[in-house]
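Notes follow once the structure below has been shown.
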Amino acid sequence: QVQLRESGGGLVQAGGSLRLSCAASGLTYSNYNMGWFRQGPGKEREFVGAITWGGSRQYYADSVKGRFIISRVNAENTVYLQMNSLKPEDTAVYSCAAGLKRSDWFSYYSRGAAYDYWGQGTQVTVSS
């Protein structure tokens with residue numbers, strides 16, 4: 001059974017930092033590209049960033065580019081999201097997702113359909 005478990009969320013003041021983790025089990029982790037998505041209150045789910053199966057490429061939404069960093073450690077089956085210079089508008093439930101590496105993944109990595117498995121999410125709240 002595939003499981004993705006996020007951790008590291010919490011309450012932080014604007015300008016602060018948090019690091020989210022997502023630990024995967026039940027799959028051959030190095031075969032999967034990983035993504036982060038978020039859903040704020042009253043908003044639709046939106047793409048945050050993604051990293052390829054080997055970690056060589058990262059992609060970011062414009063809203064977080066330059067502030068957030070995605071990394072992964074395949075030996076630990078874990079992907080990280082380092083969030084810096086947080087803003088109140090970053091408040092959301094953050095979820096990680098795993099997408100099997102396919103040649104067409106690069107065409108739609110920012111869309112939910114590119115991912116096969118999802119975590120439950122972790123709440124991030126940024127106070128002003």
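By convention here, the first residue in the shown sequence is residue 1. Scope of the values below: all heavy atoms of this structure, side chains included, with no hydrogens, waters or symmetry mates.
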Membership question, hydrophobic clusters at under 4.5 Å side-chain separation (ILVMFWY): are [Y] and [X] in the same one?
X	Y	answer
Leu81	Tyr117	yes
Val48	Ile69	yes
Tyr59	Tyr80	no

[atom1]/[X]: more than 12 non-hydrogen atoms of other groups inside 6.0 Å:
X	atom1	value
Lys43	NZ	no
Arg102	CZ	yes
Arg5	CZ	no

Under the 3.5 angstrom rule, does the side chain of [X] hit a backbone N or O of [Y] as a donor-acceptor pair?
X	Y	result
Arg72	Ser30	no
Ser85	Arg67	no
Glu6	Gly121	yes
Asn77	Gly26	no

In Å and rounded to the nearest 0.5 Å, what is the [atom1] to [atom2] distance from [X] to [Y]?
X	Y	atom1	atom2	value
Leu4	Gln120	CG	CD	10.0 Å
Glu46	Ser110	CD	OG	11.0 Å
Gln13	Ser128	CD	OG	9.5 Å
Thr28	Trp53	OG1	CH2	12.5 Å
Asn33	Lys101	CG	NZ	8.5 Å
Ile51	Cys96	CD1	SG	12.5 Å

Passing candidate, side chain to side chain contact (heavy atoms under 4.5 Å, CB included) with Arg38, options Val124, Asp90, Thr91: Asp90
Do the side chains of Lys65 and Asp62 get close enough for a salt bridge, i.e. N-O under 4.0 angstrom? yes
Decide whether Ser17 and Asn84 meet the rule of one side-chain donor and one side-chain acceptor closer than 3.5 Å. yes
Tell me the closest heavy-atom pair linking [X] and [Y], and the distance in Å.
X	Y	value
Leu11	Ser127	CD1-CB, 4.3 Å
Ser21	Thr78	CB-CG2, 4.3 Å
Phe106	Thr52	CE2-CG2, 3.6 Å

Summary of ring-ring contact (aromatic ring centres under 6.0 Å, His included) pairs that have at least one residue in residues 12-52, sequence neighbours excluded: Phe37-Phe47, Phe37-Tyr115, Phe37-Trp118, Phe47-Tyr109
